[in-house]
Amino acid sequence: MLPTKAFAAPGPTQPLGPFQFDRREPGPKDVLIDIRHCGVCHSDLHQARDEWGGSIFPMVPGHEIVGIVQRTGAEVKGFKPGDAVGVGCFVDSCRDCPSCREGLEQYCDAGMVGTYNSRERGHKTPTYGGYSTRIVVDERYVLRIPPNLPLDRAAPLLCAGITTYSPLRHWGAGPGKKVAVVGLGGLGHMGVKLAHAMGAHVTVLSHSQQKREDALRLGADDFQTTADPQLFERLAGSFDLILNTVSVELDLNEYLGLLKRDGAMVLLGVPTTAPHVHAFSLIMGRRSLSGSLIGGIRETQEMLDFCGKHNIASDIETIPIQDINNAYERMIQGDVRYRFVIDISSLKT
Ligand code: NAP
Ligand code: ZN
Ligand code: ZN
């Protein structure tokens with residue numbers, strides 16, 4: 001057993017604090033990773049506060065993990081000590097269902113094994129995430145970080161990056177396509193960078209004016225605030241694709257009206273309340289409303305390589321783990337430009 005230092009939420013209403021647990025000894029196909037940085041996703045906060053229900057406590061959140069391979073099992077082929085690697089939102093899946101076979105493990109019929117707030121396949125042992133000093137993961141679920149990307153700024157690619165990359169690819173963002181990104185947070189700012197790099201025309205829809213300059217700097221062609229009551233009329237029928245990254249409920253009917261005929265709005269944010277959608281919002285213009293969950297291992301590696309090629313990484317604010325509770329509060333206020341990333345060396349002292 002490998003004693004591991006971490007920060008955990010003891011329960012849904014308690015702040016995160018120091019916690020210790022054991023990682024398993026690496027098996028023949030496992031990689032032992034010395035964690036260097038871990039991004040702070042809004043999903044960490046939702047789950048640590050049990051906002052979606054069913055949370056497992058104590059919880060060590062964190063699924064935007066980057067680190068250095070320390071040791072590998074005897075049968076590991078793809079990684080060696082010293083490699084820069086990443087682990088995203090899941091660490092296992094059934095490996096045999098149609099989704100797993102197609103490389104869409106996030107939609108595994110048996111349910112993917114989340115990096116945290118989940119249980120190891122076939123066991124009752126809870127999984128613990130990246131707010132910790134090390135992790136042991138089967139090499140099938142480990143990603144390579146391109147050498148030109150700084151590790152800390154690459155961490156958010158493992159969730160925010162792939163969660164926006166996957167729907168942009170699936171719905172064909174590229175030259176001649178107009179894409180709107182609703183909400184300029186962790187996911188949103190990656191969506192802007194990626195859609196821009198794919199050649200799409202990108203508009204940011206933000207709930208205030210404050211992020212205008214940032215949005216344009218990040219690669220947006222246009223910025224609009226949804227605080228402007230005329231917006232929904234002025235931009236009606238404008239977009240081929242809308243990525244909705246907002247973590248609270250919006251009036252989806254208004255946003256659906258911004259789509260062209262046959263356009264699609266993809267829900268990425270997960271508010272705690274159920275949306276109300278009028279059938280006419282979809283019927284008029286044959287529009288669709290869809291959702292998308294992170295991305296499979298193959299596509300996550302493709303996204304990382306795309307980011308390496310285009311020199312894309314996240315805009316971050318680095319924090320020591322001791323600041324995590326304050327970071328959660330600031331995330332709720334929208335006071336982060338654009339991802340908190342934990343320096344895991346703060347756990348090791
Ligand atoms: P985040 O960094 O907190 O960004 C959310 C953004 O939503 C904010 O920056 C803000 O953008 C907007 N927003 C927040 N509160 C708002 C309010 N009261 N009214 C209007 N807009 C508001 O969060 P994130 O990490 O990007 O995650 C976003 C959501 O995606 C979360 O619900 C998370 O759980 C979910 N998620 C889903 C997946 C998936 O696979 N589908 C993966 C990861 C995360 P503006 O200031 O620009 O309006
Ligand atoms: Zn996430
Ligand atoms: Zn499966």
Side-chain angles (χ1 to χ4, degrees), residues 38-49 51-52 61-65 88-90 92-117 121 129-130 155-167 180-192 204-212 214-215 218 220 223-227 243-251 255 266-273 290-297 300 314-317 327-340:
C38 184
V40 179
C41 178
H42 208 111
S43 303
D44 296 351
L45 188 160
H46 286 305
Q47 292 176 89
R49 298 189 175 177
E51 291 175 352
W52 299 336
H63 58 207
E64 293 183 338
I65 299 169
C89 298
F90 55 93
D92 209 346
S93 63
C94 88
R95 309 172 187 206
D96 196 35
C97 71
S99 295
C100 281
R101 275 192 245 136
E102 276 178 56
L104 296 166
E105 300 91 346
Q106 74 275 31
Y107 303 118
C108 173
D109 286 354
M112 63 175 183
V113 176
T115 303
Y116 68 88
N117 195 24
R121 195 157 56 97
L157 301 178
L158 276 304
C159 177
I162 184 59
T163 301
T164 48
Y165 182 90
S166 186
V181 175
V182 190
L184 197 63
L187 263 58
H189 93 291
M190 287 314 308
V192 170
V204 168
L205 304 178
S206 187
H207 79 292
S208 74
Q209 283 285 6
Q210 290 172 16
K211 299 175 183 170
R212 171 183 291 278
D214 282 355
L218 291 166
F223 174 96
Q224 301 283 337
T225 174
T226 52
L243 298 187
N244 180 358
T245 76
V246 177
S247 49
V248 299
E249 192 180 337
L250 303 174
D251 182 352
Y255 289 83
V266 183
L267 302 183
L268 300 176
V270 191
T272 48
T273 51
S290 193
S292 183
L293 178 66
I294 45 176
I297 293 295
T300 304
S314 194
D315 286 26
I316 63 167
E317 179 178 339
Y328 278 8
E329 291 311 316
R330 285 183 53 197
M331 190 157 59
I332 291 170
Q333 307 301 322
D335 177 23
V336 48
R337 305 285 169 92
Y338 279 88
R339 198 57 137 187
F340 289 116

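Whatever order the structure lists them in is the order used to number ligands and atoms, beginning at 1.
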Review point. Taking 2.8 Å as the cut-off, does an N/O/S atom of Cys159 lie below it from the Zn ion (ligand 2)?
Key: yes
Practice item. Would you check if the Zn ion (ligand 2) lies under 2.8 Å from any N, O or S atom of His42? Key: no
Review point. For ligand 1, what is the set of protein residues having any non-hydrogen atom at a distance below 4.0 Å?
Key: Cys41, His42, Ser43, His46, Trp52, Cys159, Thr163, Gly183, Leu184, Gly185, Gly186, Leu187, Ser206, His207, Lys211, Thr245, Val246, Ser247, Val248, Leu268, Gly269, Val270, Ser292, Leu293, Ile294, Met331, Arg339
Check your understanding: Which heavy atom in Val182 sits nearest to a heavy atom in Tyr255, and how many Å separate them?
Key -> CG1-CE2, 3.7 Å
Which value, rounded to the nearest 0.5 Å, describes the distance between [X] atom [atom1] and [Y] atom [atom2]?
X	Y	atom1	atom2	value
Glu64	Ile162	CD	CD1	12.0 Å
Arg212	Asp214	CZ	CG	12.0 Å
Arg121	Ser93	CZ	OG	7.0 Å

Exercise for review: Enumerate the protein N/O/S atoms at a distance below 2.8 Å from the Zn ion (ligand 3), ignoring waters.
Suggested key: Cys94 SG, Cys97 SG, Cys100 SG, Cys108 SG
Review point. Parallel, tilted or perpendicular: which fits the ring planes of His189 and Tyr338, with parallel below 30° and perpendicular above 60°?
Key: parallel
Practice item. Work out the angle at the Zn ion (ligand 2) between NE2 of His63 and SG of Cys41, rounded to 10°. Key: 120°
Point to revise | Check: Asp44/Tyr116 side-chain N/O donor and acceptor closer than 3.5 Å | key: yes
Exercise for review: Carefully, step by step, assess Cys41 and Arg339 under the rule side chain to side chain contact (heavy atoms under 4.5 Å, CB included).
Suggested key: CA-CA 8 Å; Cys41 178; Arg339 198 57 137 187; 3.4 Å; yes
Exercise for review: In plain terms, say whether Arg101 and Asp96 are close enough for a salt bridge, that is, a side-chain N and a carboxylate O under 4.0 Å apart.
Suggested key: yes
Check your understanding: side chain to side chain contact (heavy atoms under 4.5 Å, CB included) between Leu268 and Thr164: does it pass, once the steps are laid out?
Key -> CA-CA 8 Å; Leu268 300 176; Thr164 48; 4.1 Å; yes
Exercise for review: Count the heavy atoms belonging to other residues, nucleotides or ligands that lie under 6.0 Å from CD of Gln209, then report whether that count exceeds 12.
Suggested key: yes
Review point. Checking side chain to side chain contact (heavy atoms under 4.5 Å, CB included) for the pair Gln47/Ser43: CA distance, chi angles, key distance, verdict?
Key: CA-CA 6 Å; Gln47 292 176 89; Ser43 303; 3.9 Å; yes
